[in-house]
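Here is the structure we will look at, set down as structure tokens.
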Amino acid sequence: MKRFILIAILLPLVEVRVAAQSMTFNHDEVVMNQFTVAETGTGNLGGSNFQWYYDLLHKSYRSWAPETNKQAYRLYTYYSLHNEVPYAEEIDSCLKERAKIEALNLADRQIDLAWASEKEKVEHKKEMFQKNINKIVSCGGTSADKRRWQNVYNAIDAAIRNVQDCYMPNSERQKSYILMYKDLVRYNTELVGALNEWSGHKLLKKYVDATIPPKTAVGRHAVSCFARWRTAMRVGGSGGSGSSSGAGLSID
């Protein structure tokens, strides 16, 4: 029940507020006269119908208004500010020129023109670098070697993307792109040297494995050679004069 009473009390207030928001401004002569009298000390306070009300309760309007005439204050302020006009115009012209410069700087920083000129060679070198990284394992490198070089590539690629997203002049962007291109060339040259080294080791190992018999074959050849040597020694020891040379050997 209390809830319904509260709603009944608040509903008219809501309706009044909505109605007030929909109203437009209308000039009120009585209110205008009040401001005129209060500021200058002249004029009629609300017309003859309300003159008695102001004479009875608001006599101070006419007593202090001439002493604090706001028109005089406005005139003094106007002349005081009039001397500031040349300085204000100079400041305004300086600000306009500065705004033009900043507009050009803003356009220069938001549009990446440097990437358009450096993109082709940087992307080409990145592609070559990535292809060489993919050859590491096949050329004889390890997975750890490939991860290390891939991290180098990812670091340079992230730096390029950060420069593209930065708020900086195109001249600075171009310097950054050129430095990153030089890094790509340097690291790619080092990687090519490592690939040649890994390939050389791999080729040498393949050649050695093809020319040198495996350990099992070497063992068989060693046993066969030892047997032939022992037979030769026995034959030489039974030949008379050669017995003295073989008498001190213990083969068994």
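All figures in this text were calculated on a predicted structure; none of them were measured in a lab. The residues of the chain are indexed from 1 along the displayed sequence.
- Partners of Glu102 according to the salt bridge (Lys or Arg N to Asp or Glu O under 4.0 Å) rule, which considers only residues two or more places apart in sequence or in another chain, are Arg98.
- The stretch residues 131-141 participates, sequence neighbours left out, in these salt bridge (Lys or Arg N to Asp or Glu O under 4.0 Å) pairs: Glu127-Lys131.
- For Lys125, there are no side-chain hydrogen bond (donor to acceptor under 3.5 Å, both in side chains) partners, not counting sequence neighbours.
- When side chains are defined from C-beta on, Asp183 does not count as touching Val152, because their heavy atoms never get closer than 4.5 Å.
- The list of salt bridge (Lys or Arg N to Asp or Glu O under 4.0 Å) pairs with a residue in residues 149-168, not counting sequence neighbours, reads Lys126-Asp157, Asp157-Arg161.
- Alongside Met128, the hydrophobic cluster contains no other residue (criterion: ILVMFWY side chains under 4.5 Å).
- At most 12 non-hydrogen atoms from other residues, nucleotides or ligands lie less than 6.0 angstrom from OH of Tyr76.
- Residues satisfying the side-chain hydrogen bond (donor to acceptor under 3.5 Å, both in side chains) criterion with Asn134, sequence neighbours excluded, are Gln130.
- Taking CD1 of Ile156 as the start and CG of Asn188 as the end, the distance is 9.5 Å to the nearest 0.5 Å.
- The CD1 atom of Ile133 lies 6.0 Å from the CG atom of Leu191; values are rounded to the nearest 0.5 Å.
- In the hydrophobic clustering, Tyr87 connects to no other residue, as no ILVMFWY side-chain heavy atoms lie under 4.5 Å from its own.
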Cut-off 3.5 Å, no hydrogens considered: what does the side-chain donor-acceptor table look like for residues 89-96, sequence neighbours left out?
from	atom 1	to	atom 2	distance (Å)
Asp92	OD2	Lys96	NZ	3.3
Ser93	OG	Glu89	O	3.3
Ser93	OG	Glu90	O	2.7

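- Between Leu81 and Val85 the shortest side-chain heavy-atom distance does not fall below 4.5 Å.
- If you take CE on Met180 and CD1 on Ile178, they are separated by 11.5 Å, rounding to the nearest 0.5 Å.
- Between atom CD of residue Glu123 and atom CH2 of residue Trp115 there is a gap of 4.5 Å, rounded to the nearest 0.5 Å.
- Pairing each heavy atom of Lys146 with each of Val137, the nearest pair is CD-CG2, 4.1 Å.
- Every residue two or more places apart in sequence or in another chain was checked for a side-chain hydrogen bond (donor to acceptor under 3.5 Å, both in side chains) with Asn151, and none qualifies.
- Cluster annotation: Val163 is not connected to Leu179 through the hydrophobic network of ILVMFWY side chains, with a link wherever side-chain heavy atoms come within less than 4.5 Å.
- Taking the side-chain contact (heavy atoms from CB on, under 4.5 Å) definition, one finds that Ala144 meets it with Thr142, Arg147, sequence neighbours left out.
- Listed by first then second residue, pairs satisfying ring pair (Phe, Tyr, Trp, His ring centres under 6.0 Å) with a partner in residues 184-205 number zero, not counting sequence neighbours.
- If you take CE on Met168 and CG on Asn162, they are separated by 10.5 Å, rounding to the nearest 0.5 Å.
- For residues 170-182, the pairs satisfying side chain to side chain donor-acceptor pair (under 3.5 Å) are Asp108-Asn170, Asp112-Tyr177, Glu118-Gln174, with sequence neighbours left out.
- Atom CH2 of Trp149 sits about 8.5 Å away from atom CG of Leu195, to the nearest 0.5 Å.
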